[in-house]
There are 2 protein chains.
Amino acid sequence: MVGRQGQGGGAGNKAGARRAGLDFPRPLTSVDIVIFTIRLEALHVLLVRRGHGEGEPFPDAFALPGGFVDVAKDDDLEACARRKLAEKTGVISTYLEQLGSWGSAHRDPRGWSATHAYFALIPASAAEAALAADAQWFPLAGISVKPNLAFDHAEILQAAVQRLRNKVEYTSLPAYLMPEEFTLPELQRTYEIVLDRPLEKSAFRTRMLSADLIEPIDKMRKGPNRPAQLYRLKAAAAPVYFARTFNAPE
Amino acid sequence: MVGRQGQGGGAGNKAGARRAGLDFPRPLTSVDIVIFTIRLEALHVLLVRRGHGEGEPFPDAFALPGGFVDVAKDDDLEACARRKLAEKTGVISTYLEQLGSWGSAHRDPRGWSATHAYFALIPASAAEAALAADAQWFPLAGISVKPNLAFDHAEILQAAVQRLRNKVEYTSLPAYLMPEEFTLPELQRTYEIVLDRPLEKSAFRTRMLSADLIEPIDKMRKGPNRPAQLYRLKAAAAPVYFARTFNAPE
DNA sequence: TAAATAGTGTCTATTAGACAGTATTAT
DNA sequence: ATAATACTGTCTAATAGACACTATTTA
């Protein structure tokens, strides 16, 4: 078995071609992105309609934006994800996190395939600006979305929603769904939309204000009521991890 | 762009072959596993020595166990990871979690390659039993390991250690590093080894005992002192997530 | 003035941290 | 008895949850 470990050995080269053998079948390699935003007081995900050319699996079905890695264009997986994100939404700088990978012999009828899934959060303000013609926002119904999705994309979407909801319990991720300037009640509303449950105002404010995350600006949000302080994300605002989840155990 | 989204379109097929075109170069696809155990009061990781056949990159270097996906043998990525885990350690059922994927044009001199990384926790008792001839345990020095690793495996290892340490703060993962039967002080010691810092005994015991994780058995661990209650993992013991990390914020 | 929302304060519950104190074994 | 480790209890600190209360605007 020497020479098979690491990326050292070949697979599927049972007969002959022992050394340096790279002459075995390779899986298809793709990247898919689950892009979230908040629209109309609801969490939305971006889907694209698939083509119906000859040999296209799942013709005309909806799918997550993504596609095959282009070994000429893409330097690495994240670059590939950012390229696809920009192509569909015009957004170039935003929160992007690797979600996981899904690979099997059966997920794509064209053969063994593996996809590297990412999830991205973009502000509502950017959600409509430069949307691709074939892309469309869908509200999340619980953990899934109305249309049937191509491939195993329903499963990937489910994992993304769970990961997002889970992390929102103890991180500042929703801040990346906000516009440039926002109030604390607006940020809290975003948390509540993602978590689908109300949060305590004072605990929320204490947590957000004691984290090194946002700073007040010299401006208020006016309304038919007491104006609210506007904040913005601090310059180098990496996501903040809190030491507790929001709800104490049952 | 219709017909290019999802896994629908081809990449790299700039010239001709428009529909159903799969005639573009595919990255190499591999799986690597970071296998942890506790030996001699220290966290260890399993490495294998690479071969030095013709065309082998990083000859004789140490690397994470892994290798190319075998589209004939492996039904999916996790099956591939479990197969490699079993080949190197003999362990078939243990904690296995996907860590992430690393893919780029430059990580393997043989071409664009993407690896799907997993991490596994195995009990000390199983760590020596059926070890492959080319595999060897190495203690972790901080976040890395003494030998230089092939490819970007040092980076992958680093990510695995960080993920493990991070999750140990608020999960029951160390339970998977324990033998069949263990005492609470032994479990605490395992936590402390992974986290590399002491924990408070009473807070630790309260947390573990109030989780639905372990159950006492009718047996004690004898020593030159007061005997300790032995416990075992409950039957369907999925990892437990606690609502707080161990250390309150600074 | 009333309505509406922003923001603060007070009290309780939970649990980690610190650490003292008791329990049970071998020698 | 002493040493050693297992285990429990007590007190404090931090923070979430509940909820009442005050503040500031428009109409």
Side-chain angles (χ1 to χ4, degrees), chain A residues 41 166 168-172 174 178 181-193 195-232 240-250, chain B residues 41 166 168-172 174 178 181-192 195-231 240-250:
Chain A
E41 299 274 290
N166 191 43
V168 165
E169 294 280 357
Y170 60 92
T171 68
S172 62
M178 305 304 292
E181 301 176 352
F182 54 88
T183 69
L184 274 179
E186 286 165 0
L187 180 58
Q188 180 174 350
R189 188 77 196 104
T190 298
Y191 268 83
E192 291 172 339
I193 289 168
L195 292 176
D196 196 28
R197 75 164 194 268
L199 294 178
E200 280 307 312
K201 184 167 46 166
S202 72
F204 181 82
R205 296 177 67 94
T206 307
R207 176 180 280 203
M208 290 306 144
L209 291 174
S210 61
D212 186 35
L213 177 68
I214 59 179
E215 56 192 3
I217 60 179
D218 191 24
K219 218 160 138 194
M220 307 291 276
R221 168 88 74 230
K222 306 269 186 169
N225 46 34
R226 176 171 172 177
Q229 178 65 53
L230 279 163
Y231 293 85
R232 69 170 166 226
V240 173
Y241 286 73
F242 303 104
R244 297 197 194 175
T245 58
F246 258 115
N247 254 0
E250 330 68 69
Chain B
E41 299 274 291
N166 191 44
V168 165
E169 294 280 357
Y170 60 91
T171 69
S172 62
M178 305 305 292
E181 301 176 352
F182 54 89
T183 69
L184 274 179
E186 287 165 359
L187 180 58
Q188 181 174 349
R189 188 78 196 102
T190 299
Y191 268 84
E192 291 172 339
L195 291 176
D196 196 28
R197 75 166 194 268
L199 294 178
E200 280 307 312
K201 184 165 44 168
S202 72
F204 181 83
R205 297 177 67 93
T206 306
R207 176 181 280 204
M208 291 305 144
L209 290 174
S210 61
D212 186 34
L213 177 68
I214 58 179
E215 56 192 3
I217 60 178
D218 192 24
K219 219 160 137 192
M220 306 290 276
R221 169 89 74 229
K222 307 268 185 167
N225 46 34
R226 176 171 171 176
Q229 179 64 53
L230 279 164
Y231 293 85
V240 173
Y241 287 72
F242 303 105
R244 297 196 194 175
T245 58
F246 258 115
N247 254 1
E250 330 70 70

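Quick note: numbers below take in every heavy atom, side chains included, and nothing from hydrogens, waters or symmetry partners. Quick note on labels: first sequence line is chain A, next is B, and so on, each numbered from 1.
- Rounded to whole angstrom, the span from the CG atom of B/Leu195 across to the P atom of C/dG17 amounts to 11 Å.
- Listed pair A/Arg226 / D/dA23 fails the phosphate criterion, with no side-chain N or O lying under 4.0 Å from OP1 or OP2.
- Proximity note for A/Pro227 (side chain, C-beta onward) versus D/dG17, D/dA6, D/dT25: the nearest is D/dT25.
- Taking atom CD on A/Glu192 and atom P on D/dG17, their separation rounds to 12 Å, with Å as the unit.
- Rounded to whole Å, atom C1' of D/dA4 lies 5 Å from atom CG of B/Asn225.
- Between B/Gln229 and A/Phe242, the residue anchored nearer the 5' end of DNA chain D, judged by the nucleotide with its closest heavy atom, is B/Gln229.
- Between the side chain of B/Arg244 and the base of D/dT15, no donor-acceptor pair of N or O atoms lies under 3.5 Å.
- Between the side chain of A/Gln229 and the backbone N or O of A/Ile217, at least one donor-acceptor pair lies under 3.5 Å.
- Remark: C1' of C/dC19 and CG of B/Leu199 are 16 Å apart, rounded to the nearest angstrom.
- In this model, a side-chain donor or acceptor of A/Ser202 finds a partner on the base of C/dG9 within 3.5 Å.
- A/Arg205 comes within 4.0 angstrom of a nucleotide base, judged by non-hydrogen atoms across all strands.
- Look at CD on A/Glu186: it is 10 Å from P on C/dG7, rounded to the nearest Å.
- Within the 3.5 Å criterion, the main-chain N or O of A/Leu199 finds a donor-acceptor partner in the side chain of A/Glu192.
- Straight-line distance from the CD atom of A/Glu200 to the C1' atom of C/dT14: 16 Å, rounded to whole Å.
- Distance, A/Arg221 CZ to D/dT26 P: 15 Å, rounded to whole Å.
- Contact annotation for A/Lys222: no contact, since no heavy-atom pair falls under 4.0 Å across all strands.
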Inset, instruction - Could you walk me through whether A/Tyr231 and A/Leu184 pass side-chain contact (heavy atoms from CB on, under 4.5 Å), step by step? - result: CA-CA 7 Å; A/Tyr231 293 85; A/Leu184 274 179; 3.7 Å; yes
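- Along DNA chain D, the nucleotide nearest A/Met220 and the nucleotide nearest B/Lys201 are compared for position; the residue whose nucleotide lies closer to the 5' end is B/Lys201.
- In this structure, the ring-ring contact (aromatic ring centres under 6.0 Å, His included) partners of A/Phe204, at least two apart in sequence or on a different chain, are A/Tyr191.
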Inset, instruction - List the steps, then state whether salt bridge (Lys or Arg N to Asp or Glu O under 4.0 Å) holds for A/Glu186 with A/Arg189. - result: CA-CA 5 Å; A/Glu186 286 165 0; A/Arg189 188 77 196 104; over 6 Å; no
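- One can place CG of B/Leu187 at 15 Å from C1' of D/dA6, the figure rounded to the nearest angstrom.
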